[in-house]
Amino acid sequence: MSDAPSSADAPWPVGQLSAKLKDYIDRLGQVWVDGEIAQWGISGGNVYGKLKDVSQDATVSFVIWSSVRATLPEGLGQGDRVTALVKANWWVKGGTLTMQVSQMRRVGLGDLLERLERLRATLAAEGLFSPERKKPLPFLPQCIGLVTGKDSDAEKDVIRNAQLRWPSVRFRVVHAAVQGDKAVAEVTAGIRQLDADPEVDVIIVARGGGDFQNLLPFSDESLVRAAAACETPLVSAIGHENDRPLLDEVADLRASTPTDAAKRVVPDVSDELARVQQVRSRMLTRVTGAIATEVERIATIRSRPALASSAWIVDTRADELTRGVARGVELTSRLLERARVDVDERRAQLRALSPQRTLDRGYAIAQTATGAVIRSAAAVATGDALVLTLADGRLAARAEAPVAGPDGAAPAPTTPEGRPA
């Protein structure tokens, strides 16, 4: 490629001009530029867009390769004010100029949003937004702590709606700046003051909405951490739907408006009375039904033949008793008869074996004068006095000489009739 200047007689080819433009632009290197994203489109993972000057009519195209896009802040898009590190790139074949972006950052409001998103991610990673750590609100708070602006509509809305629902509810109000430089310190102090009060059952932080800039104090890290450390259940009633402050995330309950906070913290007395009446009606219906069922069951049992008349119980038992008595008499009579027969038999046996029976057969019992029974004739001497016991009465006798039998032995005793005894 010749470096000679171009002329009408020796013009540069288009390719030479395009190449020289590329060399000149490449010497520019990387530069930081400031502007607003006027166009943002994604194709094949790459971003193709346009960046325009915020004060004059000037626009350049840019491209962000997919490898660079992964390092950009989340949520970038059309309308964001940014600063970008770009390198101009001239496409020789097409004759177009494109800015290759290697870094891009939000500025102004966009920078604030980016910092808030980073803080949101940090607090979420610590578990401050976890549903498990959120405390339930008391069913009927006796004293409500309120942190809000002095003489603000938010204060009036909370107190009026709460007292309309439950007239006896009490408030302990701490006035604080809800925007500006003092807001963070005063709202934080108000939360800690009410949290230390043992009479306060629930705390409401209320503000009647506002733009993003005015709500920034309610996303301050120190205020959010103070709310997370609060032992008393805390309700956030900032009232901003589009840009939710971080206080909404860490609070135990988020209310869309101060009025909504009052309705969700304090039950409606009329609704509760109606609910009590419904419960009483259901209880009465169930108890009445249970009693009616038992009465019907008892009536069914009483109608059974076994319980229709009680006389059968006495009659049955009387018959059983009569049979038992008769059986007892019969058994007793048998036992007595058997015993009588047994006694007679024993009496007969005793009589048959008694000495009197022997005497009745004609025998006598010979005894000495001393009463000793004589069993042998040798035991008596001649002339000894004897006593003879007969079947009827006793005789005195005297021993003579022994009488010998035919064989020379003493004769065997005989009965009075002459028969051997």
Side-chain angles (χ1 to χ4, degrees), residues 128-149 151-175 187 190-209 227-241 244-245 247-301:
L128 267 61
F129 303 157
S130 174
E132 289 76 14
R133 63 168 298 278
K134 296 186 182 297
K135 297 176 285 295
L137 302 186
F139 167 69
L140 180 58
Q142 301 299 311
C143 182
I144 299 175
L146 177 61
V147 180
T148 187
D151 298 326
S152 63
D153 291 338
E155 177 182 2
K156 297 173 184 177
D157 288 345
V158 171
I159 295 177
R160 181 177 63 253
N161 284 280
Q163 291 180 341
L164 284 174
R165 295 171 66 81
W166 201 276
S168 62
V169 68
R170 295 181 291 110
F171 278 88
R172 191 149 298 171
V173 182
V174 175
H175 293 122
V187 173
I191 291 175
R192 289 173 176 168
Q193 176 183 339
L194 294 175
D195 186 38
D197 192 333
E199 294 187 1
V200 174
D201 299 317
V202 62
I203 299 172
I204 299 176
V205 179
R207 174 192 162 88
C230 186
E231 296 293 335
T232 307
L234 187 139
V235 178
S236 174
I238 307 304
H240 199 273
E241 293 292 339
R244 293 178 58 173
L247 182 63
D248 285 353
E249 307 290 347
V250 78
D252 297 302
L253 175 69
R254 176 189 177 273
S256 58
T257 62
T259 300
D260 181 51
K263 292 181 179 180
R264 299 181 70 175
V265 168
V266 180
D268 191 329
V269 62
S270 58
D271 291 344
E272 296 306 318
L273 289 176
R275 191 173 292 111
V276 170
Q277 185 60 39
Q278 291 175 0
V279 173
R280 292 180 63 184
S281 298
R282 289 199 297 268
M283 290 176 61
L284 180 61
T285 301
R286 291 187 179 183
V287 171
T288 303
I291 293 176
T293 301
E294 294 302 319
V295 169
E296 181 179 356
R297 188 170 67 87
I298 293 174
T300 302
I301 294 174

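Numbering starts at 1 and runs along the sequence shown.
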task = Side-chain contact test, heavy atoms from C-beta onward, threshold under 4.5 Å: evaluate it for Leu140 versus Gln142 and give yes or no.
result = yes

Taking every non-hydrogen atom, the tightest pair across Val158 and Ala262 = O-CB, 3.5 Å

inquiry  = Within this structure, what is the OG-NZ distance for the pair Ser256 and Lys263, rounded to the nearest 0.5 Å?
reply    = 9.5 Å

query = Within the distance-only criterion (no hydrogens, no angle test), does the side chain of Asp201 pair as donor or acceptor with the backbone N or O of Cys143 below 3.5 angstrom?
reply = yes

Donor-acceptor contact present, side-chain Arg254 to main-chain Ile238, <3.5 Å = no

ask   = Would you say Pro136 and Pro233 make side-chain contact, with heavy atoms under 4.5 Å?
value = no

query = Heavy atoms, side chains only, cut-off 4.5 Å: are Arg172 and Leu146 in contact?
reply = no

Ser152 versus Gly149, closest heavy-atom pair with distance = OG-O, 2.8 Å

ask   = Would you call Arg160 and Leu164 a side-chain contact if the rule is heavy atoms closer than 4.5 Å?
value = yes

task = Supply the atom-to-atom distance Asp248 CG to Leu253 CG, rounded to the nearest 0.5 angstrom.
result = 10.0 Å

message = Rounded at 0.5 Å granularity, tell me how far CD1 in Ile203 sits from CD in Gln193.
response = 10.0 Å

request  = Working to the nearest 0.5 Å, report the span between CD1 of Ile204 and CD1 of Ile191.
outcome  = 12.5 Å

query = Between Glu155 and Ile159, does a side chain to side chain contact (heavy atoms under 4.5 Å, CB included) hold up when you go through it step by step?
reply = CA-CA 6 Å; Glu155 177 182 2; Ile159 295 177; 3.8 Å; yes

From Glu296 atom CD to Glu294 atom CD, the distance as rounded to the nearest 0.5 Å = 10.0 Å

task = May I ask you to test the Leu234-Leu247 pair for a side-chain heavy-atom distance under 4.5 Å?
result = yes

key: With Lys134 via side-chain contact (heavy atoms from CB on, under 4.5 Å) - residues at least two apart   = Asp252

message = If I compare all heavy atoms of Gly190 with all of Val147, which pair ends up nearest, and what's the gap?
response = C-CG2, 3.9 Å

query = Less than 4.5 Å apart, any side-chain heavy atom of Ile144 and any of Val266?
reply = yes

ask   = Between Val202 and Val235, what is the shortest heavy-atom contact and its length?
value = CG2-CG2, 4.1 Å

query = Do you know the tightest heavy-atom contact between Asp268 and Trp166?
reply = C-CE3, 4.4 Å

request  = Kindly indicate whether the side chain of Val205, heavy atoms from C-beta on, has any atom under 4.5 Å from the side chain of Val187.
outcome  = yes

Non-hydrogen side-chain atoms of Val269 and Arg165 separated by less than 4.5 Å = no

query = Checking Thr148 side chain against Ala206 main chain: does a donor-acceptor pair fall under 3.5 Å?
reply = yes

task = Considering non-hydrogen atoms only, spot the tightest contact between Val173 and His175 and give its length.
result = CG1-NE2, 3.7 Å

task = Would you give the length of the straight line joining atom CZ of Arg207 to atom OG1 of Thr257, rounded to the nearest 0.5 angstrom?
result = 14.0 Å

ask   = Between Arg264 and Asp260, does a salt bridge (Lys or Arg N to Asp or Glu O under 4.0 Å) hold up when you go through it step by step?
value = CA-CA 6 Å; Arg264 299 181 70 175; Asp260 181 51; 3.7 Å; yes

